[in-house]
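If you read the sequence from its start, that first residue is 1, and numbering goes on from there.
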Amino acid sequence: MIKQTLTILILFISLLVNAQETITITGQIIDQETQETLPFVSISVNDEATNAIVTGTISDDNGRFEIKDLKTGKYIINITYLGFETIQRKIASGGLNPIFDLGKIELKSSAEALDEVTIEAKRATVNSALDKKSFSLTDNVAQSGGSVVDAMKTMPGVAFDQEGKVVLRGSDKVVVLIDGKQSSLTGFGNQKGLSNIPASNIERIEIINNPSAKYDANGFAGIVNIIYKKEKQTGLNGDVGLSFGLGALSKRKQDTPTDYGSFSVNPKLIPSLNLNYRTDKLNYFLQSEFIIQEALPNNEFTTRNYDDGRNIISQVPENRRQFRSIITGGVDWELSENDAITFSGMFDREKHIDTSQVVFINLDNNVRNRLYTWKEEEITSFINVAANYKHNFPQAGHSLSANAQYTRGLEDESYFLNDSSAVRVGRDMTNIRAIEHTTSLSTDYARALSSGKIEAGAKVRFRNLPVDYTINRGNESIIYPDLGSFLIWKENLYAFYGNYLLEKELFDVEAGLRAEQTDVSYVLDPQNAYYPSNDKYDYFELFPSLRFTYKLNDKNKLSKGLIY
């Protein structure tokens with residue numbers, strides 16, 4: 001009896017040890033009628049309880065897909081493809097089986113009867129080339145309910161780092177464009193606005209893996225171009241949307257004993273309004289979305305074991321109340337058959353208030369050693385205005401465009417810290433106010449040749465960032481003294497590029513050269529004791545690029561690209 005009990009106990013422990021926290025889902029998509037594999041099929045994973053999109057992917061050239069590092073649970077797998085019936089599969093994982101192979105999944109052609117046949121030009125869900133992939137979101141129901149970030153997570157080759165920046169080919173040196181241009185929404189170096197752009201407002205997303213010399217050098221890993229929808233029908237068109245999410249409904253770990261703790265639920269509300277009015281020569285557009293939420297950006301638990309025997313636990317719950325509004329509008333004006341100009345503007349404002357109460361508790365006697373509370377109030381806003389002109393010459397593929405853009409950015413952040421311990425009782429306050437001015441002018445020229453094309457262009461950008469900061473140091477303050485009260489940072493960029501593409505029956509060659517001159521300077525408050533002098537520097541760099549492609553046949557190519 002004891003031996004049997006021991007055997008059962010060992011088997012039970014073995015099951016617990018071998019339980020998996022994550023699973024992998026794999027399979028292959030084929031056409032039921034022809035038995036041929038189907039590439040670029042959309043596979044989305046939805047939570048069975050909430051039907052919220054968890055993740056997803058797209059099948060490769062052989063119709064295969066693989067979704068890794070999915071937490072154990074119950075899911076519904078939605079498999080959708082244009083012209084075929086949608087198929088669902090259910091997965092219930094408890095942690096014992098690490099891999100779920102769905103095998104060959106046959107898609108059946110849609111059999112809807114048509115009263116009449118209409119031939120319509122339509123952009124494919126996925127257009128793929130060696131230098132660019134285009135993902136259409138217009139007809140992708142699985143991605144329409146989330147944000148641009150949710151949609152991009154389902155795209156092959158796209159990843160995100162811990163700070164939320166886009167990663168292509170293992171690098172975060174990625175430039176994110178809106179309708180082909182940098183804007184305040186994606187920032188000049190950050191992409192925090194992506195998570196707040198509803199995917200329902202986007203027509204398609206282009207991923208350029210091997211950017212030519214046309215693009216800024218800081219995007220050598222790739223370019224992401226987000227194309228907004230624009231109604232092509234005449235008259236007034238529009239839509240109203242509302243998204244709501246409850247967020248987390250439970251806590252993974254119990255809060256330490258404080259008055260606040262962490263938010264128990266994290267509701268999120270996103271109303272949106274889009275309007276479009278088109279006439280023969282003019283097209284007016286307005287797109288807006290608003291985000292109201294209670295979030296928990298950080299909830300960090302730390303246990304410290306000291307050499308003197310003390311064991312201290314602490315928790316940093318960052319409770320955030322946030323409101324954000326994004327309003328974009330403008331007009332497209334067709335001056336003539338070959339000339340068009342667009343005037344556009346964007347207003348992006350976010351206000352959030354973070355509060356936290358942090359305690360340090362001795363686990364041996366359950367005595368509180370220290371308590372500090374902090375509060376952060378931050379307002380960030382951007383006003384972006386732009387004018388874009390394009391002239392098409394009579395020859396196809398021959399064009400000249402110019403763009404002028406101005407961005408005013410504001411960051412106003414106040415931080416309050418109250419500390420109470422046997423060592424110190426004090427209150428500190430800091431405020432940072434920065435107003436950034438960015439002006440950009442650029443021009444691009446393109447001309448098609450009999451076996452390729454040439455591109456050339458120039459760009460100048462001026463950034464001016466004055467920063468003022470106020471510090472109120474309390475009793476035994478932890479803030480360094482003698483920091484001063486202001487900083488002025490400036491950056492001027494001058495760039496020129498040329499690009500040549502040669503396309504032959506058996507091979508393609510693309511070669512380009514980009515030249516950039518950058519001038520940087522900053523001026524510090526003379527009272528700053530840590531940086532005794534101002535500084536400025538400038539540098540000139542050349543960025544050549546070369547890509548060679550050999551065509552084995554109509555479907556297979558070998559490509560090698562070099563970017564310096």
Side-chain angles (χ1 to χ4, degrees), residues 52-53 135-155 160 164 166 176-187 190-206 224-231 236-247 266-277 283-295 297 320-332 342-353 378-386 407-411:
I53 297 178
F135 300 89
S136 174
L137 304 188
T138 303
D139 299 314
N140 197 325
V141 179
Q143 296 173 346
S144 61
S147 68
V148 168
V149 171
D150 297 325
M152 291 175 63
K153 286 181 178 178
T154 69
M155 298 175 183
F160 291 84
V166 182
V176 180
L177 307 177
I178 301 291
D179 291 331
K181 299 178 289 293
Q182 283 185 300
S183 76
S184 57
L185 191 60
T186 53
N190 69 75
Q191 299 129 25
K192 66 179 183 179
L194 292 179
S195 60
N196 294 319
I197 303 177
S200 58
N201 291 348
I202 304 305
E203 177 184 337
R204 69 184 186 276
I205 299 176
E206 297 175 343
V224 177
N225 189 19
I226 300 171
I227 309 297
Y228 266 84
K229 290 180 179 177
K230 282 190 179 179
E231 184 59 53
L236 180 63
N237 300 273
D239 60 76
V240 177
L242 179 64
S243 300
F244 176 73
L246 288 176
N266 311 112
K268 185 175 185 179
L269 183 68
I270 308 179
S272 62
L273 172 66
N274 301 316
L275 296 174
N276 202 99
Y277 181 72
N283 178 58
Y284 303 91
F285 56 92
L286 174 68
Q287 297 159 332
S288 62
E289 51 257 12
F290 306 91
I291 299 96
I292 307 167
Q293 69 172 339
E294 290 189 353
R320 170 172 294 183
R321 288 184 170 89
Q322 179 183 19
F323 177 80
R324 184 169 188 172
S325 55
I326 304 171
I327 302 174
T328 303
V331 57
D332 301 318
T342 297
F343 299 99
S344 61
M346 177 185 295
F347 175 75
D348 179 5
R349 184 182 188 273
E350 178 201 9
K351 178 180 181 179
H352 69 252
I353 300 176
E378 182 176 1
I379 296 175
T380 58
S381 68
F382 293 95
I383 298 174
N384 192 95
V385 293
T407 300
R408 178 190 182 274
L410 166 68
E411 180 176 358

Nearest non-hydrogen partners of Phe285 and Val331, listed with the distance: CE2-N, 3.7 Å
Heavy-atom closest contact (Thr407 atom, Phe382 atom, distance): CG2-CD2, 4.1 Å
Using the test side chain to side chain contact (heavy atoms under 4.5 Å, CB included), find all partners of [X] that sit at least two apart in sequence or belong to another chain.
{"X": "Ser288", "value": "Leu273, Phe290, Ile327"}
{"X": "Val385", "value": "Tyr406"}
{"X": "Arg321", "value": "Phe263, Glu294"}

About how many Å separate [atom2] of [Y] and [atom1] of [X], when rounded to the nearest 0.5 Å?
{"X": "Thr328", "Y": "Met346", "atom1": "OG1", "atom2": "CE", "answer": "3.5 Å"}
{"X": "Ile205", "Y": "Ile226", "atom1": "CD1", "atom2": "CD1", "answer": "5.5 Å"}
{"X": "Gln287", "Y": "Leu275", "atom1": "CD", "atom2": "CG", "answer": "9.5 Å"}

Derivation of the side-chain contact (heavy atoms from CB on, under 4.5 Å) call for Leu242 and Leu269: CA-CA 7 Å; Leu242 179 64; Leu269 183 68; 3.5 Å; yes
Residue among Ile383, Ile379, Thr380, Leu410 satisfying side-chain contact (heavy atoms from CB on, under 4.5 Å) with Arg349: Ile379
More than 12 heavy atoms of other groups within 6.0 Å of Phe347 CZ: yes
Residues forming a side-chain hydrogen bond (donor to acceptor under 3.5 Å, both in side chains) with Asn266, sequence neighbours excluded: none
Pair Asn237-Asn276, side-chain donor/acceptor within less than 3.5 Å: no
Audit row: Arg324, Asp348, side-chain contact (heavy atoms from CB on, under 4.5 Å) steps and yes/no: CA-CA 7 Å; Arg324 184 169 188 172; Asp348 179 5; 2.6 Å; yes
Gln322 and its side chain to side chain donor-acceptor pair (under 3.5 Å) partner, picked from Lys351, Glu350, His352, Lys268: Glu350
